[in-house]
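One structure is given below, encoded as structure tokens.
Remember, it's 1-based here, ligands and their atoms both numbered in the order they're listed. Along the sequence shown, residues carry numbers from 1.
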Amino acid sequence: MYESTRGNLSGQSASQAIALGMVPKGGLFVPSTFPALKWQELQGLSYREVAKRVMADYLPDFPEETLDKIVNVYNDGTFDGQNPAPLASVGNFGVLELWHGPTSAFKDMALQVLPDLLNVSLKHIGLDAEVLILVATSGDTGKAALEGFKNREGMHIAVFYPQGGVSPVQERQMTTTEGFNTHVIAVKGNFDQCQTAVKQMFASEALKAKLWENKLVFSSANSINWGRLLPQIVYYFWAYLQAVEQQKVAPGGVINVVVPTGNFGNLLAAYYARRMGLPIAKIICASNKNNVLTSFFATGEYQSQRQFYQTISPSMDILISSNFERFLYEMNGRNADLINSWYDQKNLGSFKVDPQTLKNCQEIVFAGWADEDETLATISHSFKAYQYVFDPHTAVGMKVYEDYCTSSHDTTFTVIASTASPFKFASNVLIALEGTQGKQRDEWQALKGLSQLTNWEIPQGLQGLDKKKAKIVDSCQPEKIVEMLQGLFIK
Ligand SMILES: *Cc1c(COP(=O)(O)O)cnc(C)c1O
């Protein structure tokens with residue numbers, strides 16, 4: 001069963017939690033208990049089998065055959081190569097490559113199964129309406145969600161992205177999506193404004209009533225939806241199994257995990273895997289210059305009223321990390337009253353937690369951040385040292401990992417979650433590798449340049465993107481998002 005972090009709803013089935021996306025009166029769905037799972041039980045299984053096993057306990061209302069079909073996506077060529085999430089051995093650490101899906105970012109790992117999870121959930125609750133998926137994206141979720149939901153009967157998707165706040169490849173990926181049910185809207189603002197507008201639309205009774213008259217209900221493909229988080233738990237088990245198999249860690253020994261963080265979904269999935277019994281010691285939370293979380297883990301104060309920076313790791317340009325609420329709910333001993341006081345509208349996204357909660361957070365998470373020069377330097381020196389290319393998000397993780405090693409002298413085998421292919425951010429990666437030479441190239445030449453320099457192949461989904469026909473994209477001010485949506489969907 002699932003309950004709300006704000007104590008305003010409980011006893012909901014997995015189907016209800018996934019179909020609703022977010023708790024209607026505010027708050028996020030969390031499982032009421034964490035099923036224990038021994039990693040030994042998973043030894044020798046394929047990724048799709050591991051996925052089925054990890055997800056099954058959280059989805060008691062899903063018949064086995066249904067789940068079987070859903071996880072088949074990990075085995076049907078949607079992800080390139082035999083292994084959807086290989087653990088590359090780099091130096092004395094591991095890099096969990098989560099970008100072998102159709103859009104070259106880790107979001108595919110979950111967004112290729114969410115549409116099916118949602119479809120089944122809607123059937124279970126017997127809803128007589130079509131769904132409208134609202135997505136706020138800092139770049140990667142948008143395309144991954146569009147790919148997952150395009151051309152699905154009974155489902156519509158509207159993606160809001162910050163105009164000028166995503167990379168050229170990311171923008172082009174979104175605007176070239178086909179499908180009769182896809183809408184892409186450029187917002188003249190930043191990601192937080194997109195996300196806040198989407199959350200407000202979810203909470204607006206008036207808007208929901210109007211949609212209902214048009215036989216439509218909202219759902220979410222952002223990581224506020226439990227159906228997004230659940231498939232992400234799987235790959236931490238998978239990483240551990242590979243680390244044991246590669247003899248990087250003794251069977252049963254602990255590992256550390258580094259997560260380049262934005263909305264805190266990926267990190268939360270690692271924490272949930274840990275709660276299920278996976279031997280993870282520290283989780284390292286890596287932020288870019290938008291380092292709200294780094295400050296939080298140092299002081300216990302979440303201060304989102306601060307300068308917003310656009311960086312070369314745009315998918316981490318986030319000041320209000322939605323899933324942090326779920327983490328705090330565990331760290332404060334599941335105290336919904338405290339969550340309510342911290343997430344009170346009047347606080348404008350800023351609050352301070354009690355010392356015990358902070359201590360609980362610090363025991364599990366080490367937090368650090370890297371600025372843009374450090375990120376570029378890390379891409380460059382890592383390539384020299386290991387002939388391995390990091391994208392700018394994973395490079396932030398790498399830098400914070402180096403800082404962690406220096407300050408802690410911890411030699412535990414560490415897995416860095418690699419969240420995107422370097423080709424998605426080719427020109428900045430080339431600037432890092434070649435200095436300013438890279439600057440003279442456009443993004444499409446940079447893809448070729450990066451391929452030549454590294455001998456890595458350009459991922460399929462990014463090939464020929466410049467030649468594809470782009471849709472004309474609607475654009476609006478953040479305060480006009482609701483109007484825009486009504487214009488598109490309400491007769
Ligand atoms: C979404 C994203 C992140 C941040 O992940 P969260 O789950 O939002 O913390 C980091 N890197 C890349 C490349 C992403 O697309």
One pair to check against salt bridge (charged side-chain N to carboxylate O under 4.0 Å, His left out): Arg275 and Glu330. What are the steps and the verdict? CA-CA 10 Å; Arg275 281 294 293 270; Glu330 303 304 328; 3.1 Å; yes
Quick one: ligand 1 N/O to protein N/O pairs below 3.5 Å?
{"unit_1": "ligand 1", "atom_1": "7 (O)", "unit_2": "Gly265", "atom_2": "N", "d": "3.2"}
{"unit_1": "ligand 1", "atom_1": "7 (O)", "unit_2": "Asn266", "atom_2": "N", "d": "2.9"}
{"unit_1": "ligand 1", "atom_1": "8 (O)", "unit_2": "Asn263", "atom_2": "N", "d": "2.8"}
{"unit_1": "ligand 1", "atom_1": "9 (O)", "unit_2": "Gly262", "atom_2": "N", "d": "2.7"}
{"unit_1": "ligand 1", "atom_1": "9 (O)", "unit_2": "Asn263", "atom_2": "N", "d": "3.1"}
{"unit_1": "ligand 1", "atom_1": "9 (O)", "unit_2": "Phe264", "atom_2": "N", "d": "2.9"}
{"unit_1": "ligand 1", "atom_1": "11 (N)", "unit_2": "Thr419", "atom_2": "OG1", "d": "2.9"}
{"unit_1": "ligand 1", "atom_1": "15 (O)", "unit_2": "Lys107", "atom_2": "NZ", "d": "2.6"}
{"unit_1": "ligand 1", "atom_1": "15 (O)", "unit_2": "Asp140", "atom_2": "OD2", "d": "2.4"}

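- Thr357 is listed as a side-chain neighbour of Leu328, based on a closest heavy-atom distance under 4.5 Å.
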Ring pair (Phe, Tyr, Trp, His ring centres under 6.0 Å) between Phe383 and Tyr388, worked out: CA-CA 5 Å; Phe383 185 59; Tyr388 191 92; 9.3 Å; no
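- A salt bridge is defined here as a Lys NZ or Arg NE, NH1 or NH2 lying under 4.0 Å from an Asp or Glu carboxylate O, and Asp140 with Lys424 meets this definition.
- Judged by distance alone, the side chains of Arg334 and Thr5 never bring a donor and an acceptor atom under 3.5 Å apart.
- Judged as a ring-ring contact (aromatic ring centres under 6.0 Å, His included), not a single pair has a partner in residues 97-118 (not counting sequence neighbours).
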